[in-house]
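Have a look at the structure below, then the notes.
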Amino acid sequence: MNSNMMGGEDSEQSMGGMNQGGMGSMMNHGNVPSLASSEGSNELAIPPLLEKQQGQNYDYEVVAQQGTTEFFNGISTETYGYNGDLLGPTLTIEEGKKVDVKITNDLNETTTFHWHGLEVAGEIDGGPFDEIQPGESRIITLEADQPAATLWYHPHVHEMTAEQVYRGLSGMLLIDSSDKEDPAIPNEYGVNDIPLIFQDRLFDEDKQLNYNQLMNEDGTLGDVSIVNGTINPKLTVTEPIMRFRLLNGSNARNYTFSLSNGASFTQIASDGSLLDEPVEIQELTLAASERAEILIDFSKLTAEESLAIINDEDVELLPFDVKLDGATADSTEMWTTEEPFLSQEEKEMPVEKNIELFGMMDMVTINGKKFDADRIDLRQEQGVTEVWEVYNKKDMMGGMIHPFHIHGTQFKVISRDGKEVDPDEQGLKDSILVNPGEKVKILVTFPEKGVYVFHCHILEHEDNGMMGQIEIY
Ligand code: C2O
Ligand code: CU
Ligand code: CU
C-alpha cells in the first residue's frame, strides 16, 4: 500500500508555498488527501487498561516516553507514547471518585498532561504552562465529579502540542459508572466495549513521522489511517451488540463515519455524557477532539455480508471480521427521557460572551487576537451558567471548519444559527464543530476555579495562537 504516498518532496514544495502565504497557502485549504482503505491485515490493537499501582502513594502512573513502532514491516518508526511506544493505556476513573496520578516526563523535551473533558481545577488541567520538565514527576489528584463519559488525555505544551500528539501522545480517559448504566449498554472493555482512536498520519520516505518536514500550518493531514495506532486494522467481533467509543484524535482531519452496508447504528453518547435519548443515525461527523459512543448491531448481518466503518469517501477505516457463532441480540429497550434537553429558561438566556473564530494557517485569531500568556481574555464566575455565542467568521476563501474546545467544562449546545440542535448533539460536549459562517450558542458552566484555555482543536491552529484564556473566580 501507499506506493503513491505524498512523500517528502511534494510536501516540501507545498511547505515552501505555504510559508510565503499567498495563493499557495490558500490553495492548500481544501486540499485534503484521501486515506487509503484498510487492508484488514492486522488485528486492531486495544489500548490496555491502566493498572492500579500497589504499595505506592499514588494510584496510577502515566509516563510520557519515546519509543519505536513498526507500522511498516521491518521498519521502525520513532514514536512517542505513554507507558509504551505509541499512544497510552486507558485510564478509567469511577464516577464520583478521586485518584492520585503520578505523571512523569521521560521525554527529552518539556510536556504537559492535559485531561481533555475532565472538569478539574485550573491548576491540574495541564494546560500550556503546566509544564513538566524532562525527568520531572508530579502527583496530582483527578476527580471524576461528572457523568460517565469518554474523555482523553494528551500533551498541551505551548506551541508544541501538535507535534507531540502527532508523534503519538494520546490516551483514553473513561469515566465509568457501569453499575448505574442501562443494562442494554455493553461495558466489557476490550470485549464488547471498544475504544477507537482515529488518526491520520503522513510518513516521510524513510517512514518516519517527520513533523517538521511534513507539518501543515492549517492542520497536518495524512494519507495513512491508523486506528488505535494500528495500520490496516480489522476487528474480530464475537458479540452481537458492540459499543464503540470513537475519538477523532487527528490533528485536523474531520471524519464522517458510516457503515459500509448503509445500515443505521445507535449513537448513545456525545463528548461528555450519554445523550438525552439514544438516536438512530446513518452517519456521524466528528471534528478533531470530538467523541461519540455508538452501538452497532451485528446480529442482522447475513453470513456472506461484510461490514466496515467507512468514511465519506467510502474508505474502509475499520473492517470487521464477524464471528458470532449464532449469538443473537436480546431486544434492547433503552432509556428515554420525558424532560426536554433544555428548559425554556435556558433557551431564552441572553448571550454573555461572543467568540469570533477567524483565519487560517498561522493567521488565526479568536476575537481578533492571538494567544498571549499574560492576557486573561474572559472571566466567568464559578458555577454560574452563561450563554456563549461562537461565530466562525468566513474569510475570502470561504473559511474552514474550526472545532472549538473549552477546558474545565462540559457544555450544552443550544442552537446552530438559531435552530435547535438535532438529538445527536443533545448531550454534554466540550468541543464543537463550527462550520464557516455559522453561529453556535452554547450553555457554559465551570464547576471549578482557575485559569483555563479555550481554543481551536486543529492543533496547528492552537499552536499558532488560536487560543485564549478564561479565569474562573
Ligand atoms: Cu484536547 Cu486544549 O485540548
Ligand atoms: Cu482540553
Ligand atoms: Cu481552527
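We count ligands from 1, going down the list as the structure has it; atoms in each ligand are counted the same way. Keep in mind that this is a model prediction, so the values were computed, not measured.
Ring pair Phe198/Phe257 is tilted by interplanar angle, where 30° to 60° counts as tilted. Between His455 and His457, the angle of the ring planes lies from 30° to 60°, which puts this pair in the tilted group.
Atom NZ of Lys449 has 12 or fewer neighbouring heavy atoms from other residues, nucleotides or ligands inside a 6.0 Å radius. By the neighbour-count criterion of 12 heavy atoms within 6.0 Å, atom CD of Glu123 is sparsely surrounded, having that number or fewer from other residues, nucleotides or ligands. For Gln56, the CD atom counts as densely surrounded, since its 6.0 Å shell holds more than 12 non-hydrogen atoms of other residues, nucleotides or ligands.
Residues forming a ring-ring contact (aromatic ring centres under 6.0 Å, His included) with Phe265 (at least two apart in sequence, or on another chain): none.
Between Asp430 and Arg291, at least one side-chain nitrogen of the basic residue sits less than 4.0 Å from a carboxylate oxygen of the acidic one, meeting the salt-bridge criterion.
Centroid-to-centroid, the aromatic rings of Trp152 and His405 stay 6.0 Å apart or farther.
Centred on the Cu ion (ligand 2), the angle running from His405 (NE2) to His114 (NE2) is recorded as 170°, rounding to 10°.
Excluding waters, the protein N/O/S atoms found under 2.8 Å from the Cu ion (ligand 3) are His402 ND1, Cys456 SG, His461 ND1.
Atom 1 (Cu) of ligand 1 has no N, O or S atom of His407 under 2.8 Å away, backbone or side chain.
Within His154, the N/O/S atom positioned nearest atom 1 (Cu) of ligand 1 carries the name NE2. As for His116, its N/O/S atom nearest atom 1 (Cu) of ligand 1 is the one called ND1.
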